[in-house]
Amino acid sequence: MAEIPTAAISRLVTYLRILEQLELQDVSRTSSTDLAERAGVTAFQVRKDLAYFGRFGTRGMGYTVPILKRELVRVLGLNRTWNVVIVGVGRLGQAIANYPGASDYQFQYVGLFDVNPDLIGTHVRGLRVQHLDTLRDFTQTQTVDMGFLAVPPDRAQDAAQSLADASVKGILNFAPTVIQPRTIERPGHTDLSDEWRGVIVENVDFLAGMKRLAFYILNPHLKDAPTPEDPA
């Protein structure tokens, strides 16, 4: 498989959301042009993104909505259950835990962790908040695929380290700070420490989004310059 740009994966998520909306409207077929208009990209970009993963449509006839939706669900790994813990159960963490849409995509919250003694032992959506120090023991008996960080910026690095130490391989970081994996200095080079090997970190930075939005409001002509159409 060719190297796939990160932006292409983000667009697949957008295409899936559009397909779900079309299905709710009882629309059975769509086209790259229609998907492109709804996603704010070009038809060429839609075809290019989908081509990374196979052939899903018929030239001149477009795509069958339920079939393309099913294939994107498979490509994105949303046809299996993903076990998630939330580290940081303040207002943001509780809002994430109570978000109703996660279970629709096979994301299942299995644990809540914090260091605030006022929160330890309380319950959110049927889950008991546990101390972060118990996370490693927790993952010895419960499979955990992802950890969501909803902690203050000055605690994010330590919380991320706790997730890595507990062998959690996916971290979704809501704190406005950069997570730095632990490294080990070796003669002539620097390596990731063993617990960070294979760990993927995704950042959700609301403030950065607001800054980008401010820039593009002032400079709308610089937002998402379209890719030239292919001649086909």
Side-chain angles (χ1 to χ4, degrees), residues 1-24 28 30 35 39 46 49-57 63-89 92-113 124-130 134-150 159-160 162-174 179 181 192 194-204:
M1 183 180 292
E3 184 175 345
I4 302 169
T6 300
I9 305 302
S10 297
R11 288 190 293 269
L12 284 192
V13 174
T14 299
Y15 303 153
L16 176 58
R17 183 168 63 247
I18 292 168
L19 291 166
E20 290 168 340
Q21 293 168 348
L22 291 174
E23 198 169 50
L24 288 173
S28 60
T30 188
L35 287 174
V46 171
D49 291 338
L50 296 178
Y52 285 116
F53 304 96
R55 295 175 60 87
F56 302 114
Y63 308 99
T64 303
V65 170
I67 293 176
L68 183 57
K69 174 191 167 186
R70 182 193 66 203
E71 290 303 309
L72 293 191
V73 165
R74 176 187 60 80
V75 166
L76 292 167
L78 302 178
N79 55 349
R80 53 152 287 185
T81 298
W82 297 91
N83 289 341
V84 180
V85 297
I86 298 176
V87 178
V89 196
L92 177 58
Q94 291 184 37
I96 295 169
N98 285 306
Y99 180 69
S103 59
D104 295 342
Y105 293 98
Q106 304 294 86
F107 296 106
Q108 174 178 271
Y109 296 126
V110 297
L112 305 175
F113 297 86
V124 177
R125 206 172 183 179
L127 292 174
R128 178 178 175 273
V129 180
Q130 304 175 62
T134 68
L135 176 60
R136 194 166 187 173
D137 289 338
F138 181 84
T139 58
Q140 297 301 308
T141 58
Q142 170 69 64
T143 299
V144 176
D145 302 297
M146 302 179 185
F148 293 177
L149 286 184
S162 294
L163 287 166
D165 288 339
S167 300
V168 177
K169 295 302 183 184
I171 298 175
L172 188 62
N173 174 35
F174 288 87
I179 300 300
L192 288 176
D194 290 342
E195 76 275 15
W196 278 96
R197 294 183 187 277
V199 175
I200 305 298
V201 178
E202 283 283 330
N203 296 297
V204 180

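Atoms considered below: every heavy atom in the structure, side chains included; atoms not considered: hydrogens, waters and symmetry mates.
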Study note, to complete from the structure: Sorted by chain and residue number, the side chain to side chain contact (heavy atoms under 4.5 Å, CB included) partners of Thr81 (sequence neighbours excluded) come out as Asn83, Gln106, Gln108
Revision key, fill the gap. The side-chain hydrogen bond (donor to acceptor under 3.5 Å, both in side chains) partners of Arg128 (sequence neighbours excluded) come to none
Practice item. Sequence neighbours left out, what passes side-chain hydrogen bond (donor to acceptor under 3.5 Å, both in side chains) with Arg80? Give chain and number order. Key: Asp145
Review point. Got a second to check how far Leu50's CG is from Arg11's CZ, nearest 0.5 Å?
Key: 10.5 Å
Check your understanding: In Å, rounded to the nearest 0.5 Å, how long is the span from CG of Leu16 to CD of Gln21?
Key -> 10.0 Å
Check your understanding: In chain order, what residues pass the side chain to side chain contact (heavy atoms under 4.5 Å, CB included) check against Leu127, with sequence neighbours excluded?
Key -> Tyr109, Leu112
Check your understanding: If you look at every heavy atom in Pro100 and Arg125, which pair is closest and at what distance?
Key -> CA-NH2, 4.4 Å
**Study point:** Residues Tyr63, Leu19; criterion side-chain contact (heavy atoms from CB on, under 4.5 Å); working and verdict
**Key:** CA-CA 10 Å; Tyr63 308 99; Leu19 291 166; over 6 Å; no
Revision key, fill the gap. Interatomic distance, CD1@Ile9 vs OH@Tyr52, rounded to 0.5 Å, equals 9.0 Å
Check your understanding: Just how far is it from atom CZ of Phe148 to atom CD1 of Ile86, taken to the nearest 0.5 Å?
Key -> 7.0 Å
**Study point:** Heavy-atom side-chain proximity of Val199 to Leu192 below 4.5 angstrom
**Key:** no
**Study point:** Partner set under side chain to side chain contact (heavy atoms under 4.5 Å, CB included) for Arg74, not counting sequence neighbours
**Key:** Phe56, Glu71, Asn79
**Study point:** side-chain hydrogen bond (donor to acceptor under 3.5 Å, both in side chains) pairs, two or more places apart, involving residues 162-171
**Key:** Gln161-Asp165
Practice item. Check whether any side-chain heavy atom of Leu35 lies under 4.5 Å from a side-chain heavy atom of Leu68, and answer yes or no. Key: yes
Practice item. Quick one: list whatever passes salt bridge (Lys or Arg N to Asp or Glu O under 4.0 Å) with Glu202, sequence neighbours left out. Key: none
Point to revise | Pairwise distance NZ(Lys69) to CG(Leu72) - rounded to 0.5 angstrom | key: 10.5 Å
Exercise for review: With the side chain counted from C-beta on, respond yes when Leu149 and Ile179 share a heavy-atom pair under 4.5 Å apart, and no when they do not.
Suggested key: yes
Check your understanding: Can you tell me how far CD1 of Ile171 sits from CH2 of Trp196, rounded to the nearest 0.5 angstrom?
Key -> 4.0 Å
**Study point:** Partner residues of Phe138 under the ring-ring contact (aromatic ring centres under 6.0 Å, His included) criterion, sequence neighbours left out
**Key:** Phe113
**Study point:** Val89 versus Gln94, closest heavy-atom pair with distance
**Key:** O-NE2, 3.1 Å
**Study point:** Closest heavy-atom pair and its distance - Val168, Gly147
**Key:** CG1-N, 3.6 Å
Study note, to complete from the structure: Of all heavy-atom pairs linking Ala39 and Thr14, the shortest is CB-CG2, 4.0 Å
Check your understanding: Mind checking what makes salt bridge (Lys or Arg N to Asp or Glu O under 4.0 Å) contact with Arg70, not counting sequence neighbours?
Key -> none
Review point. Just wondering, do Val85 and Leu163 contact through their side chains at under 4.5 Å, heavy atoms?
Key: yes
**Study point:** Residues in side chain to side chain contact (heavy atoms under 4.5 Å, CB included) contact with Asp137, at least two apart in sequence or another chain
**Key:** none
Point to revise | Non-neighbouring partners of Tyr15 that pass side-chain hydrogen bond (donor to acceptor under 3.5 Å, both in side chains), sequence neighbours left out | key: Asp49
Point to revise | Sequence-distant partners of Gln130, side-chain hydrogen bond (donor to acceptor under 3.5 Å, both in side chains), two or more places apart | key: none
